[in-house]
Amino acid sequence: VALGSAVWSAGLVPASSGYAAVFFALTSLHALHVLGGLSFLTALWRRLRRAQLEPSCAASVRLGAVYWHFMGAVWLVLFALLYFVR
């Protein structure tokens, strides 16, 4: 049984409590950011495999690195807030 269906069948749905709403919102946002980053990396990888090494490739790699580092920092702050704020 997948974790999501186990959580859902246990009665933890977004409408059941504020905690559940925040849990599902953060999980959904995390999934969207990961999918966005992975699609960007896939597009960049395909471009680099075709050996189209124009100057914009270097800018794209830097942009991707900034994106991943920013997302990592945001999630560290969010997890710290969720842990310390009660």
Side-chain angles (χ1 to χ4, degrees):
V1 174
L3 178 61
S5 63
V7 170
W8 199 272
S9 64
L12 187 65
V13 296
S16 64
S17 68
Y19 171 80
V22 170
F23 171 79
F24 280 100
L26 286 177
T27 303
S28 300
L29 284 173
H30 183 249
L32 286 173
H33 282 111
V34 169
L35 288 174
L38 288 175
S39 64
F40 173 80
L41 286 175
T42 302
L44 181 61
W45 177 73
R46 286 182 177 172
R47 196 165 141 196
L48 290 172
R49 271 191 61 126
R50 287 192 304 250
Q52 296 176 349
L53 300 175
E54 64 265 4
S56 65
C57 279
S60 296
V61 170
R62 280 194 298 277
L63 181 63
V66 168
Y67 174 82
W68 282 112
H69 285 92
F70 177 73
M71 285 293 102
V74 167
W75 283 107
L76 283 174
V77 170
L78 281 175
F79 286 133
L81 285 174
L82 290 172
Y83 182 75
F84 292 116
V85 176
R86 294 179 191 243

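Excluded from the calculations below are hydrogen atoms, water molecules and symmetry mates; all remaining heavy atoms, backbone and side chain alike, are included.
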Checklist entry - Of the non-hydrogen atoms in Leu12 and Ala20, which two are nearest, and what is the gap between them? => result CD1-CB, 3.4 Å
For residues 65-72, dump all side-chain donor-acceptor pairs below 3.5 Å to protein atoms at least two apart in sequence or in another chain.
from, atom 1, to, atom 2, distance (Å)
Tyr67, OH, His33, O, 2.8
His69, ND1, Ala65, O, 2.6

Next on the checklist: Other members of the hydrophobic cluster containing Val34, with the 4.5 Å side-chain heavy-atom rule, please.
Outcome noted: Leu38
Next on the checklist: Could you work out, with ring-ring contact (aromatic ring centres under 6.0 Å, His included) as the rule, every residue matching His30, not counting sequence neighbours?
Outcome noted: Trp75
Item to check | Smallest separation among heavy atoms of Pro14 and Ala21, with atom names | outcome: O-CB, 3.6 Å
Next on the checklist: Can you tell me how far apart CZ (Phe24) and OG (Ser16) are? Round to the nearest 0.5 Å.
Outcome noted: 7.5 Å
Next on the checklist: As an exercise, state the distance from OG1 of Thr27 to CG of Leu32, rounded to the nearest 0.5 Å.
Outcome noted: 11.0 Å
Next on the checklist: Quick check: is Leu29 connected to Leu78 through a chain of hydrophobic side chains (ILVMFWY, heavy atoms under 4.5 Å apart)?
Outcome noted: no
Item to check | Transitive ILVMFWY side-chain link Trp45 to Val61, under 4.5 Å | outcome: no
